[in-house]
Participant: 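What follows is a single structure, and I will ask about it in a moment.
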Amino acid sequence: MNARYGVIGVKMDFLLTRMLFVLAGVLACAGMSAFGAQTDAGRGTLGFDRNDYPGTVGMREMRKEFAFAGYWLTPPPGTTTNSWARKRKEMEALGYGFLLLARGRAANAVRTAAGAGKMGAADAREAVRSAKVEGFANGGIIFIDVEDGGRLAAEYHAYLRAWADEIVKLGFRPGAYCSGMAVDEGGGVTIVTANDIRSNEAPRSFAYWVFNEVCPPSPGCVSMGNPPLPSASGVKGAAVWQFVRSPREKQTASRCSGYAADENCYAAADAAKKWHLDINVAASSNPSFH
């Protein structure tokens with residue numbers, strides 16, 4: 001009887017131990033899943049943009065590192081042609097998400113409030129017309145390229161309001177690509193262009209794709225496995241953060257590392273340095289359609 005009891009006891013101890021082991025595994029997995037969800041929620045997704053389409057080979061190489069890419073709907077500033085046109089299907093086949101981008105007027109080209117309204121509406125129609133030709137669905141965010149930094153003139157704000165209103169009217173959402181860096185206006189006053197747009201274009205809801213290449217907060221031209229969220233740019237509610245521009249701006253990014261000898265930034269997969277890039281981070285792998 002004692003021997004029999006001993007065998008049963010051993011079996012019971014084995015079963016109990018096994019149950020505890022399984023339970024511990026379940027709890028561990030649950031803990032890991034929760035941790036993974038928190039990590040994903042606090043981690044950004046890398047993308048790139050450039051004025052010239054890299055070609056099929058380049059896009060395939062860049063896809064090893066980047067989840068989305070900027071997509072010009074109009075010719076980039078200072079050009080008359082757009083090499084990104086008709087590339088949507090090719091990019092989708094490679095698994096890319098999109099950042100839809102349209103050129104904006106230079107500040108010195110918008111001189112009167114009346115002219116600003118007409119220009120803004122016309123530029124919005126051009127951007128949406130191109131988006132529809134390319135086959136992009138309604139509801140996507142189109143970012144207008146605002147190259148001028150600092151505090152914008154009242155006429156330029158009128159231009160942006162007219163642009164945003166027309167974009168919404170035509171079934172898309174307005175966004176602004178603009179500076180996220182503070183500009184010293186003297187007397188202890190600074191202004192960030194993104195915040196200037198936010199306050200002057202209210203109650204319109206722009207999405208903000210901001211550039212801030214100052215190190216820190218920018219990590220410089222580096223390959224990251226765990227990129228930060230756009231909020232690390234310093235602009236509250238930013239949808240996208242461009243933390244590297246090519247070529248490097250010496251006034252703002254002189255302390256940043258990782259740039260090539262020609263002052264450009266290249267993808268880690270681009271060993272031959274064929275395609276210089278601007279590098280971005282977003283909370284979504286498809287920022288214009290999140």
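For clarity, every value in this text was computed on a predicted model and none was experimentally measured.
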Participant: Nearest 0.5 Å please: distance from the CD atom of Glu134 over to the CZ atom of Arg129.
Facilitator: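 Reported to 0.5 Å precision, the distance equals 13.0 Å.
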
Participant: Ser199 side chain to Asn195 main-chain N or O, any donor-acceptor pair under 3.5 Å?
Facilitator: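 Confirmed, Ser199 side chain pairs with Asn195 backbone.
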
Participant: Could you tell me which residues satisfy side chain to side chain contact (heavy atoms under 4.5 Å, CB included) with Pro228, sequence neighbours excluded, listed by chain and number?
Facilitator: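 In terms of side chain to side chain contact (heavy atoms under 4.5 Å, CB included), with neighbours along the sequence ignored, Pro228 is linked to Met224, Ala232, Trp241.
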
Participant: Keeping to residues at least two apart or across chains, list the side-chain hydrogen bond (donor to acceptor under 3.5 Å, both in side chains) pairs with something in residues 96-106.
Facilitator: Arg105-Asp123

Participant: Would you sort out whether Arg125 and Leu170 count as a side-chain contact (heavy atoms from CB on, under 4.5 Å), showing the intermediate values?
Facilitator: CA-CA 8 Å; Arg125 288 192 292 271; Leu170 296 173; 3.9 Å; yes

Participant: Can you run down the ring pair (Phe, Tyr, Trp, His ring centres under 6.0 Å) pairs that involve residues 166-189, sequence neighbours left out, and say none if there aren't any?
Facilitator: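 Sorted result for residues 166-189: Tyr177-Trp209, Tyr177-Phe211.
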
Participant: Taking side chain to side chain donor-acceptor pair (under 3.5 Å) as the test, write out the residues that go with Glu92, two or more places apart.
Facilitator: Arg88

Participant: Name all residues meeting the side chain to side chain donor-acceptor pair (under 3.5 Å) criterion together with Tyr259; count only those two or more places apart in sequence or in a different chain, and write none if there are none.
Facilitator: none

Participant: Ala164 and Arg204: which non-hydrogen atoms are nearest, and at how many Å?
Facilitator: CB-CD, 4.1 Å

Participant: Can Arg111 and Glu155 be counted as an ion pair, charged N to O under 4.0 angstrom?
Facilitator: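 Not counted as a salt bridge, because no side-chain N and carboxylate O are separated by less than 4.0 Å.
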
Participant: Is the backbone N or O of Ala127 less than 3.5 Å from a side-chain atom of Ser130, with the two atoms forming a donor-acceptor pair by type?
Facilitator: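 Answer holds: no.
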
Participant: Measure across Pro287 and Val240 and return the closest heavy-atom pair with its distance rounded to 0.1 Å.
Facilitator: CB-CG2, 4.0 Å

Participant: Please evaluate residues Phe243 and Cys215 with respect to the criterion side-chain contact (heavy atoms from CB on, under 4.5 Å), reporting the C-alpha separation (whole Å), side-chain torsions for both, the decisive distance (0.1 Å), and the verdict.
Facilitator: CA-CA 9 Å; Phe243 60 87; Cys215 295; over 6 Å; no

Participant: Within a strict 4.5 Å, meaning less than it, do heavy atoms of the Val244 and Leu277 side chains meet?
Facilitator: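 No; the side chains remain at least 4.5 Å from each other.
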
Participant: For the residue pair Met59 and Ala69, what are the closest heavy atoms and their distance?
Facilitator: CE-CB, 4.4 Å

Participant: Is any side-chain heavy atom of Trp163 less than 4.5 Å from a side-chain heavy atom of Asp165?
Facilitator: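 Side chain of Trp163 against side chain of Asp165, heavy atoms only: no contact under 4.5 Å found.
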
Participant: Is a side-chain N or O of Lys118 found less than 3.5 angstrom from the main chain of Ala114, in a donor-acceptor match?
Facilitator: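 No, Lys118 side chain to Ala114 backbone: no donor-acceptor pair under 3.5 Å.
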
Participant: Establish whether Ile279 and Val222 are linked, either directly or via other cluster members, by ILVMFWY side-chain heavy-atom contacts under 4.5 Å.
Facilitator: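 Linked, Ile279 and Val222 end up in one cluster.
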
Participant: Which residues satisfy the side chain to side chain donor-acceptor pair (under 3.5 Å) test with Arg245, sequence neighbours excluded?
Facilitator: Glu213

Participant: Membership question, hydrophobic clusters at under 4.5 Å side-chain separation (ILVMFWY): are Trp72 and Leu94 in the same one?
Facilitator: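 Yes, Leu94 and Trp72 fall within the same hydrophobic cluster.
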
Participant: Taking all non-hydrogen atoms of both residues, which atom of Ala239 and which atom of Pro230 are closest, and how far apart?
Facilitator: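 That closest heavy-atom pairing would be O-CG, 3.3 Å.
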
Participant: Do Val192 and Ser179 touch side chain to side chain, with heavy atoms closer than 4.5 Å?
Facilitator: no

Participant: With side chains defined as the heavy atoms from C-beta onward, is the minimum distance between Asp49 and Gln242 less than 4.5 Å?
Facilitator: yes

Participant: Return the CD1 to OG1 distance between Ile191 and Thr193, rounded to the nearest 0.5 Å.
Facilitator: 7.0 Å

Participant: Taking the side chain from Arg50 and the backbone from Asp52, do they hold a donor-acceptor pair closer than 3.5 Å?
Facilitator: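 Yes.
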
Participant: Which residues pass the side chain to side chain donor-acceptor pair (under 3.5 Å) test with Trp84, sequence neighbours left out?
Facilitator: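 In terms of side chain to side chain donor-acceptor pair (under 3.5 Å), with neighbours along the sequence ignored, Trp84 is linked to no residue.
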
Participant: Listed by chain and number, what are the side chain to side chain contact (heavy atoms under 4.5 Å, CB included) partners of Thr79, not counting sequence neighbours?
Facilitator: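 Checked Thr79 against side chain to side chain contact (heavy atoms under 4.5 Å, CB included); matches are Pro75, Pro76.
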
Participant: Mind checking salt bridge (Lys or Arg N to Asp or Glu O under 4.0 Å) for Glu90 and listing every partner two or more places apart, or none if nothing turns up?
Facilitator: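 Here no residue qualifies.
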
Participant: Can you get from Val57 to Phe66 by hopping between Ile, Leu, Val, Met, Phe, Trp and Tyr side chains that sit under 4.5 Å apart?
Facilitator: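 Yes; Phe66 is reachable from Val57 via cluster members.
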
Participant: Are Phe136 and Phe98 close enough that their ring centres sit under 6.0 Å apart?
Facilitator: yes

Participant: Is a side-chain N or O of Ser231 found less than 3.5 angstrom from the main chain of Lys236, in a donor-acceptor match?
Facilitator: no

Participant: Output the rest of the hydrophobic cluster of Val133: all Ile, Leu, Val, Met, Phe, Trp and Tyr residues reachable through side-chain heavy-atom contacts under 4.5 Å, sorted by chain and number.
Facilitator: none

Participant: Do you know the tightest heavy-atom contact between Asn286 and Gly97?
Facilitator: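 The pair with the smallest heavy-atom distance is OD1-CA, 3.3 Å.
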
Participant: When rounded to the nearest 0.5 angstrom, what is the spacing between CD in Glu249 and OG in Ser254?
Facilitator: 11.0 Å

Participant: Kindly compute the distance separating CD1 (Ile141) from OG (Ser288), expressed to the nearest 0.5 Å.
Facilitator: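 Here the rounded value is 5.5 Å.
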
Participant: Less than 4.5 Å apart, any side-chain heavy atom of Glu65 and any of Phe48?
Facilitator: no

Participant: Do Cys221 and Cys256 have their SG atoms under 2.5 angstrom apart?
Facilitator: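 In this structure, Cys221 and Cys256 share no disulfide.
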
Participant: Report yes if the side chains of Thr74 and Leu101 come closer than 4.5 Å at any heavy-atom pair, otherwise no.
Facilitator: no

Participant: Can you list every side-chain hydrogen bond (donor to acceptor under 3.5 Å, both in side chains) pair that touches residues 266-277, not counting sequence neighbours?
Facilitator: Asp262-Tyr266

Participant: Answer yes or no: is there a side-chain heavy-atom contact under 4.5 Å between Val110 and Met119?
Facilitator: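 Touching, per the 4.5 Å side-chain cut-off.
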
Participant: Rounded to the nearest 0.5 Å, what's the gap from CD on Glu263 to OG on Ser246? Could you check?
Facilitator: 10.0 Å

Participant: Indicate yes or no: at least one non-hydrogen side-chain atom of Tyr159 is less than 4.5 angstrom from one of Leu152.
Facilitator: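 Not touching, per the 4.5 Å side-chain cut-off.
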
Participant: Please list, chain by chain and in numerical order, all residues satisfying side chain to side chain contact (heavy atoms under 4.5 Å, CB included) with Ala106, sequence neighbours excluded.
Facilitator: Asn108, Asp148

Participant: What verdict does the side-chain contact (heavy atoms from CB on, under 4.5 Å) test give for Arg151 and Val183, after you've listed the backbone C-alpha separation in whole Å, the side-chain angles of each residue and the deciding distance to 0.1 Å?
Facilitator: CA-CA 8 Å; Arg151 193 181 300 276; Val183 174; over 6 Å; no

Participant: In sequence, state the C-alpha distance, the side-chain angles, and the governing distance for Arg198 and Glu201, and then conclude on salt bridge (Lys or Arg N to Asp or Glu O under 4.0 Å).
Facilitator: CA-CA 6 Å; Arg198 195 195 309 271; Glu201 275 55 90; over 6 Å; no

Participant: Would you give the length of the straight line joining atom CG of Leu100 to atom CZ of Arg173, rounded to the nearest 0.5 angstrom?
Facilitator: 10.0 Å

Participant: Should Asn212 and Ser218 be marked as a side-chain contact (heavy atoms from CB on, under 4.5 Å) after you check the CA-CA gap, both sets of side-chain angles, and the distance that decides it?
Facilitator: CA-CA 7 Å; Asn212 184 353; Ser218 170; 5.8 Å; no

Participant: Determine whether Phe289 and Leu73 fall in the same hydrophobic cluster, where Ile, Leu, Val, Met, Phe, Trp and Tyr are linked whenever their side-chain heavy atoms lie under 4.5 Å apart.
Facilitator: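 Linked within one cluster.
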
Participant: If you compare all heavy atoms of Ile197 against all heavy atoms of Ala176, which two are closest, and at what distance to 0.1 Å?
Facilitator: CD1-CB, 4.3 Å

